[in-house]
Amino acid sequence: MPAVSRLDEARHEIRRVILSFLEGAGFTGLDEVVRLEVPTEKGHGDLTTSFALKAAGRTKVPPRVLLEQLLSWWPDVPAVESLEVAGPGFLNFTLRTRWLAEVVNQVRAMPGQYGNSDFGQQQRVLLEYVSANPTGPMVVVSGRAAAVGDTLARCMSAAGYQVFREFYVNDAGNQIATLGHALALRLRELEGEDVESNWPEKVYPGDYVKDLAKAYRTLHPEFATDQAVEDRYPELGAWAAERIRQSQETVLREFGVTFDQWFSERSLRESGAAEAVIDRLRNRGYMAEREGALWFTSTRFGDDKDRVMVKSDGSYTYFVPDAAYHAGKFDRGFDYVIDLLGPDHHGYVNRMRAVVEALGYPPERLEILIVQLVRLLRGRELVRMSKRGGDFVALEDLIEEAGVDPARFFLLERAPETPMDFDLNLATLKGSDNPVYYVQYAGARIHSILRQWHAMAAETVPVDLGLLTSAEERELMVLMARFPEVVVRVAEDRAPQHLPKYLTDLAAAFHAFYRAHRILDVEPGLRQARLALIEAVLAVNTRGLALLGISQPEEM
RNA sequence: GCGCCCGUAGCUCAGUGGAUAGAGCGCCUGACUACGAAUCAGGAGGCCUGAGGUUCAAAUCCUCACGGGCGCACCA
């Protein structure tokens, strides 16, 4: 694996030297143990390793003794300023500041691409996320899945994966007829009929269907209300579903989230893929007929119960098209298939794995992430979200109230699998209480300085990065050198929360630097070097925010 | 009852088997005649739910208990 960053270059170099030392000392097979990590504590160097502790059992040499030998043997390594033995057997490395400073040039050479790497080796990944039913407005948990999926896609692309983004549209089945039923009732209501007092149990009562009814009436003036009968429900529902899907697309685009494909369940059914997947399972011997229904024997693959695929009335359960859809994903040649599912799909994971395995695909290539619930609060008060009642907060309400940037930052700050509370009061705050502005403000400050620099029309001199020697400048270099591997970590661990954390650290380091040092009114050489430094910081900040789908304003 | 997720500062949450467990908010004390104070410097605040176990080393891995959330349809 080639180095992904300046820091990673140092890591590779140091590791190579340590391994050759160990080999010379007669210790082999320790490759696994020699890992260089970014220490959690300040004062433990730029990189640290505990291989001596980990290998003590095999080397039979006390860790500190081994490290002292290594220390006296250590050759000159360009990246390394110094190394020291610490604690029970840690080895801490301090990197040469001048060597680190090259990161400034690296960033400035490709400001919009810095952070990219070939870690993923162009493996093809299908990422499915959101996939909200087209039967009503999206709620906030869909927004969380959208933000998480989108940022994972952006980071995985940056980390060298080929990512294909897909939204699965459940535009078939009973729920579409139910939606059609709701639309039919609202159409009757437009004619003055009282439908509310006798509203059927399972039909969506939300007001949004009233708007759909008005739109339908305008587009189809010839439609007579007495046509709003049961055998028209599927057709009416299909119309409404497509209409809702389009509004989902609009809201998501506003939220900065797009898809390469909106995959229609109906098209899947029409293509015969459902029958095909049942045949495949039958041929492989994983289908059983019981009680008049056709069951997939998923218990043979660790599921807790078998699953009905064809009901006794001959119709399919929703599981059939889903199985066909997933089979199709693998048939399309993806190396990895990742699903982001909502918390109500817990029970779904085992059967999906089972069907993938039963169809002969490697089950470890299907990865299912559960994006957990979002509880909306206003201060202490819980805001209820329910598609049934009219009092839910839709994603578009959230965007309007909080704004895209704060909403995305909040949703991405926490690990996706952790249930979270989203305080609307906090996200709505425009001031310093809102962490997203802290990060954006760092960039806006740099923009402001650069504007003044351009207005000065002062003398430009060649950049000498060797002039950057202060602790604050060095901290910025170290952080920038880490950026590409933060992106890799987000991609690899499917953990977007590392990025907001990193950007907060970077902004803090910049603000501290800004307070401690002047930039424009110092001598020209140092000024030029610091300008180069903050230009690089701005580039990294902007790119980091872009990976989160958040803007970097030039002024605030 | 079974399965999955989660218990970390007053609140919301980070934390890659490592060293003295971190951040933001809230609270307290300081800092602009200086490139943007939406900032900075510092302080208080912890039995990492509990009990065992593995390990040189556990918030992290394993087991059990307790507490919270969500799933467990011939619904989608």
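Here is the naming used below: chain letters follow the sequence lines, and residue numbers restart at 1 for every chain.
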Pick the P atom in rC72(B) and in rU8(B), then give their distance to the nearest Å. 27 Å
Cation-pi, Trp262(A) ring and Arg245(A) (6.0 angstrom, 45 degrees): yes
For atom P, what is the distance between rC74(B) and rA14(B), given to the nearest Å? 36 Å
rC4(B) phosphate, OP1 or OP2: any side-chain N/O from Gln372(A) under 4.0 angstrom? no
So, is Arg489(A) near the phosphate of rU16(B), with a side-chain N or O under 4.0 Å from OP1 or OP2? yes
Side chain of Arg445(A), heavy atoms from C-beta onward: which of rC35(B), rG36(B), rA19(B) has the nearest atom to it? rG36(B)
Assert: residue with more 5' nearest nucleotide on RNA chain B, out of Ala508(A) and Ala86(A), is Ala86(A)
For nucleotides rA65(B) and rC28(B), find the distance between their P atoms and express it as a whole number of Å. 45 Å
Name the nucleic acid region contacted by Ala415(A), choosing base, sugar-phosphate or nothing; use a 4.0 angstrom heavy-atom cut-off, strictly under. sugar-phosphate
Remember a base hit wins even if backbone is also touched, and classify His345(A) as base, sugar-phosphate or nothing at under 4.0 Å, heavy atoms. base
Please give the distance between the P atoms of rG42(B) and rC56(B) as a whole number of Å. 39 Å
Touch class at under 4.0 angstrom, heavy-atom based, for Ala56(A) against every strand present: nothing
Ignoring backbone atoms, test whether Tyr438(A) places a side-chain nitrogen or oxygen under 4.0 Å from the OP1 or OP2 oxygen of rC40(B). yes
Using only heavy-atom distances, decide whether a donor-acceptor pair under 3.5 angstrom links the side-chain of Ser312(A) to the base of rC74(B). yes
Within the stacking criterion (centroid distance below 5.5 Å, interplanar angle below 30°), does His346(A) stack on rG3(B)? no
Checking base pairs now: Watson-Crick or wobble, both atom distances under 3.5 Å. What partners rG3(B)? rC70(B)
Assign Lys54(A) to base, sugar-phosphate, or nothing according to its heavy-atom contacts below 4.0 angstrom with the strands shown. base
With heavy atoms under 4.0 Å as the rule, sort Leu294(A) into base, sugar-phosphate or nothing. nothing
Could you measure the distance from the OG1 atom of Thr94(A) to the CG atom of Leu47(A)? Nearest 0.5 Å is fine. 9.5 Å
Taking rU16(B) as the reference, what is the distance to rU60(B) when you measure between their C1' atoms (whole Å, please)? 10 Å
For Asp493(A) and Glu555(A), take the nucleotide of RNA chain B holding the closest heavy atom to each; which residue's nucleotide lies nearer the 5' end? Asp493(A)
Is the phosphate of rA73(B), meaning OP1 or OP2, less than 4.0 Å from a side-chain N or O of Arg307(A)? no
How would you label the contact of Ile519(A) with the nucleic acid (heavy atoms, under 4.0 Å): base, sugar-phosphate, or nothing? base
Give one of base, sugar-phosphate or nothing for Arg35(A), where a contact means two heavy atoms less than 4.0 Å apart. nothing
Using the P atom on both, measure rG52(B) against rC75(B) and round to a whole Å. 50 Å
Looking at Lys42(A), does any N or O in its side chain come under 4.0 Å of the phosphate oxygens OP1/OP2 on rU20(B)? no
For the CD atom on Glu32(A), are there more than 12 heavy atoms of other groups (residues, nucleotides or ligands in this structure) within a distance under 6.0 Å? no
Could you tell me whether the side chains of Asn133(A) and Gln175(A) share a donor-acceptor contact shorter than 3.5 Å? yes
Over all strands shown, is Thr48(A) touching base, sugar-phosphate only, or nothing at heavy-atom distances under 4.0 angstrom? base
For Asp306(A), salt bridge (Lys or Arg N to Asp or Glu O under 4.0 Å) partners two or more places apart: Arg290(A)
NA contact type, Gln440(A), heavy-atom cut-off 4.0 Å: base, sugar-phosphate, or nothing? nothing
Just N and O in the side chain of Tyr437(A): are any of them under 4.0 Å from OP1 or OP2 of rA38(B)? no
Base paired to rA31(B) (Watson-Crick or G-U; both N/O distances under 3.5 angstrom): rU39(B)
I want to check one thing: is the phosphate of rA76(B), taken as OP1 and OP2, less than 4.0 Å away from some side-chain N or O of Asn170(A)? no
If we take the P atom in both rG15(B) and rG68(B), what is their distance in whole Å? 25 Å
Looking for any heavy atom pair under 4.0 Å, which part of the strands does His511(A) touch: base, sugar-phosphate only, or nothing? sugar-phosphate
Salt-bridge contact Glu367(A)-Arg494(A) (side-chain N to carboxylate O under 4.0 Å): yes
Does rC75(B) have OP1 or OP2 under 4.0 Å away from a side-chain N or O of Lys311(A)? yes
Within the modelled atom types, does a donor on one side and an acceptor on the other bring the side chain of Tyr441(A) and the base of rA38(B) under 3.5 Å apart? no
Is the NZ or CZ atom of Arg445(A) positioned over Tyr514(A)'s six-membered ring, under 6.0 angstrom from the centre and within 45° of the axis? yes
Over all strands shown, is His517(A) touching base, sugar-phosphate only, or nothing at heavy-atom distances under 4.0 angstrom? base
Can you tell me if Phe90(A) is stacked onto the base of rG18(B), using a 5.5 Å centroid cut-off and an angle below 30°? no
To the side chain of Asp344(A), which of rA14(B), rC74(B), rG71(B) is closest? rG71(B)
Phosphate contact (rG36(B) OP1 or OP2) by Ser448(A) side-chain N/O below 4.0 Å: yes
Polar side-chain contact Asn92(A)-rA19(B) base: donor and acceptor under 3.5 Å: yes
Check if the side chain of Arg515(A) and the base of rA37(B) share a donor-acceptor pair of N or O atoms closer than 3.5 Å. yes
Using the P atom in both, what is the distance from rU33(B) to rC25(B), to the nearest Å? 25 Å
dist Glu84(A):CD -> Leu71(A):CG (nearest 0.5 Å) comes out at 9.0 Å
Ignoring hydrogens and angles, answer whether the base of rA19(B) and the side-chain atoms of Thr40(A) contain a donor-acceptor pair closer than 3.5 Å. no
Closest to the Glu265(A) side chain, choosing from rA76(B), rC74(B), rA19(B): rA76(B)
Remember a base hit wins even if backbone is also touched, and classify Met309(A) as base, sugar-phosphate or nothing at under 4.0 Å, heavy atoms. nothing
Output yes when a side-chain donor or acceptor of Arg414(A) lies under 3.5 Å from a complementary backbone atom of Met420(A), and no otherwise. no
Can you tell me if the side-chain N/O atoms of Thr418(A) get under 4.0 Å from OP1 or OP2 in rA14(B)? yes
Need one value for Phe319(A): base, sugar-phosphate or nothing, where a base atom within 4.0 Å counts as base even if backbone is also close, heavy atoms only. nothing
